[in-house]
Each structure stands twice: as structure tokens, then as C-alpha cells.
Amino acid sequence: MTDDANSMWGGRFAAGPDAIMEAINASIGFDQRLAAQDIEGSRAHAAMLAATGILSDSDAKAIREGLLTVLSEIESGSFQFSTALEDIHMNVEARLKDLIGEPAGRLHTGRSRNDQVATDFRLWVRGQCDAAISGIRALQKALVGQAEAGADWVMPGFTHLQTAQPVTWGHHMMAYVEMLGRDASRFEDARNRMNESPLGAAALAGTSFPIDREMTAKALGFDRPMANSLDAVADRDFALEFLSASAICAMHLSRFAEELVIWSSAQFRFVAMSDRFSTGSSIMPQKKNPDAAELVRAKIGRILGATVGLFTVMKGLPLTYSKDMQEDKEQVFDAADSLMLALAAMEGMVRDMSANPEALRSAASSGFSTATDLADWLVREAGLPFRDAHHVTGRLVAMAEDAGIDLPDLTLDQMKSAHDAITDDVFTVLGVDNSVASRTSYGGTAPEQVRAQIARWKEALT
Ligand code: ARG
């Protein structure tokens with residue numbers, strides 16, 4: 001081994017790596033984010049090596065304490081990361097050697113960087129599942145707050161972005177609470193599935209040392225050790241599940257963000273975004289732009305990009321570890337950062353925004369939004385088949401449209417000209433309040449239904 005060769009694995013090497021080799025090979029530029037998990041894993045491993053008699057107690061103690069010193073150096077920013085040492089694992093171990101000398105070289109007994117990195121990354125992604133769940137819960141609480149304030153504020157419900165039927169503001173907010181509830185449960189599922197320890201799989205085949213994998217699994221908060229050492233070092237499905245759940249959640253956030261962009265426009269005025277989550281224009285003084293919502297709308301791009309990226313890295317890789325898998329981290333880091341930021345921004349926007357009940361109501365009252373109520377009345381009170389009722393109502397809509405008025409403004413005579421079974425009673429269903437109040441089916445938009453769902457979620461979110 002020359003002086004240039006890598007001190008961690010350079011025994012058979014006569015020369016050190018080319019500069020380009022070092023550049024393409026090193027991951028320390030990004031995997032230093034795994035420092036805390038790496039040290040946690042190494043401390044658990046050292047304690048286990050001592051408990052099983054593979055390492056002396058005094059060596060294990062020196063290692064465990066030295067690792068804490070390394071961690072504090074990294075956390076304080078004084079640690080010198082070295083590209084020549086490739087990755088976080090070797091940077092930490094080399095520094096440990098500076099600090100404690102010979103026992104540092106015993107830490108890697110019965111272990112490989114392959115199970116080490118799989119463990120570190122699992123721990124990190126598991127933490128991000130927890131962070132995503134708490135970000136989602138905070139956003140859900142903000143949405144429930146909005147829903148509670150406006151459980152009976154009438155607004156247009158849309159299909160095709162055309163006015164469909166009146167709904168309530170609370171109902172619309174609670175739709176996102178439901179979607180986010182499923183998002184959180186996806187992160188919970190993924191977390192449960194990934195919570196098995198790869199540590200002790202060693203390079204790929206396990207080890208001849210009498211290690212105790214249950215012990216390290218427990219110390220790291222895993223439910224159990226992974227049952228197949230090849231699988232343990234080869235798979236990254238846990239990261240793919242995290243990314244997939246993130247992409248779905250980001251898609252939901254993107255839809256909501258799009259609604260906030262539309263709703264805050266001068267043409268809609270359904271909501272006013274707070275100054276704290278808006279920006280101005282450097283040329284147009286009147287502008288207040290919903291930039292935060294637009295950026296949340298866009299984040300799905302990089303999150304889905306990361307998802308596709310990692311699938312592409314992993315597809316076709318023969319078992320077990322290949323260096324390709326070092327490319328698993330950066331995009332996951334970026335996707336996780338993007339998701340957490342998007343959730344936090346959305347929570348802030350929702351908490352701060354103020355809905356405009358008058359604008360919501362007046363929009364709900366236009367566009368013949370109670371036409372379905374009229375058709376339903378004809379079915380219920382006049383005994384018409386729904387298809388006929390639909391037709392009669394269509395004629396009345398055309399009549400109102402020609403006259404430039406809304407359905408409740410038609411006279412009884414005009415109504416009767418479309419069908420003579422219509423009576424005065426029809427006007428009781430035509431107002432938007434009557435319309436929403438009548439939709440009492442489970443999960444419907446009637447304020448009593450909406451309040452029941454709010455109560456259920458408030459309980460669940462405490
Ligand atoms: N930096 C590597 C990674 O991120 C660690 C594992 C290296 N293992 C190896 N056999 N070279 O994947």
C-alpha cells in the first residue's frame with residue numbers, strides 16, 4: 001500500500017485514485033446528512049460487540065465515547081470532511097481513529113458499509129416519515145379550524161371548474177382533511193414496513209462472528225432484524241415507498257394550492273391570502289401574488305422526479321449492493337425537504353388566510369347552482385321520473401338564462417309553463433341555503449353533516 005492508497009481499503013492498491021475517480025466515487029458531499037444516524041448505528045453496534053464478547057468492554061467504551069465526540073464536532077461544524085475518505089462512514093471512522101487510536105479499527109468487526117448505509121438511510125427515512133406525519137397533522141388542524149369557522153358558509157361546488165351545486169366552505173376544507181388523513185396513513189404504513197434492521201447483514205451474507213442482531217435492532221428502535229441478509233443490503237423499497245407517499249401527498253397539496261391561486265384572484269375573491277404568505281410585484285403596485293401557493297403547486301415536480309429517479313436507479317440491479325445505490329440519497333433528501341417545506345407553507349397559508357363569505361355566497365347563487373334541487377323536487381313532489389324532471393328543469397334554466405335572472409327569480413307562472421305540477425313549494429328548495437341544508441346524506445354537504453365530520457376529526461387530531 002502506498003501513502004496515496006485509501007487507508008480504509010487500500011491494502012491491495014499500489015496507487016491512489018485519479019481525481020475524477022475520487023470525484024465520482026465520493027458521497028460525503030451529501031451523505032454527511034446521515035452523520036447522526038451513522039453514529040447512532042455504530043454506537044449500537046459497538047455496545048452489541050461488547051455484550052457478545054467480541055470486543056472488550058474497555059474498547060467498546062472508548063469507541064462509544066469517541067463517537068459522541070465525533071458527533072459533537074460534526075454538529076458544531078468543526079469537523080473536517082474529507083473527499084478522499086469517500087463517505088460519512090469512513091469519515092467518522094477515520095476521525096474516531098485520530099481520537100482514540102487502535103480500538104477504532106475494531107468497530108467494523110462483523111459489519112460492512114453495505115449494512116451500515118442501509119441502516120443509516122432507513123433510520124433517516126423513518127425519521128422523515130414521522131416528520132411528514134406531524135406536518136400533515138398540523139395542516140389538518142389548520143384546515144379543521146377553517147372548516148369550523150365556515151361550516152355553513154355557502155360556496156359553489158365545481159365540476160369541470162363549472163358551477164355544479166352549492167356546497168359549504170367547511171365541506172370543501174374537510175375534503176382535504178380526508179385526503180391528508182390517507183396521506184398520513186400511507187406514511188404510517190411505510191414506516192411500519194421499513195422498521196426492520198439491516199444491521200448485521202454485513203457485506204451481504206451475514207457474518208461468522210456471534211453477533212446479536214436482536215440487540216442492535218432494539219437499540220435502534222427497529223421492531224426486529226431483517227430476516228434475509230441479501231435483501232437487507234440490496235433493497236431500497238423503503239425509500240421508494242417514502243417517495244411514493246410523498247408524491248401522492250404533494251399532488252394533493254398541489255391541487256389545493258391551485259385552488260388558492262384561483263380563489264385569491266380578483267375574479268374570484270373567495271379568499272384573501274395574508275401578507276405573510278404573499279409577495280408584491282416590482283413593477284405593478286397593485287399586485288399581491290400568491291407565490292407560496294404557486295411554489296407548493298410546483299413542488300410535486302421535484303418530488304415525483306425523485307421518485308422516478310430512484311425507481312430508475314434501482315430497476316435492473318442484480319442482487320445485492322451495487323454502487324449505483326449510492327445515488328439513492330440526494331433525491332430523497334431533496335424530496336423530503338420539499339415536502340416538509342410545502343406542508344409547512346400550506347399550514348401557514350391556511351391558518352392565515354381569510355375566506356370571504358359574501359363572495360362565496362354570491363358565486364354560489366349564480367350559475368343555476370340549484371337546478372338539481374329543482375329536478376329533485378319534481379321527482380319527490382310531482383312524481384316525475386328523474387330524466388323527465390331533468391328535461392323540465394333544463395327548459396327553466398334556458399328561460400332564466402334568456403331573461404338574465406336566476407332560477408329562484410322565475411315567477412310561478414313561468415315555472416308552470418314548463419310543467420303544470422309545479423307549485424309555490426318549489427321555492428323552498430331553490431335558495432342555496434335550502435340546497436345545502438337538504439344534502440343530509442352521510443358525507444354530504446349539509447352543515448350538520450360537516451359539523452359531525454369536524455367533531456370526528458377534532459377528536460382524532462388531539
Ligand atoms: N457511500 C456508499 C453508499 O452510499 C456506502 C456503501 C459503500 N459500499 C461499498 N461496497 N462500496 O452506498
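Ligands are counted one by one from 1 in listed order, and the atoms in each one are counted from 1 as well.
The pair D189-R186 fails the salt-bridge criterion, with no side-chain N (NZ, NE, NH1 or NH2) lying under 4.0 Å from an Asp/Glu carboxylate O. Salt-bridge check for R106 with E102: passed, with a basic side-chain N closer than 4.0 Å to an acidic carboxylate O. With respect to the salt-bridge test (charged N to carboxylate O, under 4.0 angstrom), the residues K323 and E86 qualify.
Counting atoms of ligand 1 from 1 in the listed order, those under 4.0 Å from a heavy atom of H89 are 5 (C).
Contact between E86 and ligand 1 is absent, with no heavy atom of the residue lying under 4.0 Å from the ligand. The shell of residues lying under 4.0 angstrom from ligand 1, judged by heavy atoms, includes K329.
Atom CZ of R456 has more than 12 heavy atoms from other residues, nucleotides or ligands within 6.0 Å.
With respect to atom 5 (C) of ligand 1, the closest heavy atom belonging to the protein is D87 OD2, 3.5 Å. In this structure, atom 12 (O) of ligand 1 lies nearest to the protein heavy atom Y321 OH, 2.4 Å. Nearest protein neighbour of atom 11 (N) of ligand 1, counting heavy atoms only, is R113 NH2, 3.6 Å. Atom 1 (N) of ligand 1 has Q326 OE1, 2.8 Å as its closest protein atom, hydrogens excluded (heavy atom only).
The residue among N114, T320, D328 with a heavy atom at the shortest distance from atom 9 (C) of ligand 1 is N114.
For the pair R126 and F222, the cation-pi criterion (under 6.0 Å, within 45° of the ring axis) is fulfilled.
Between the side chain of D115 and the backbone N or O of G200 there is at least one donor-acceptor pair closer than 3.5 Å.
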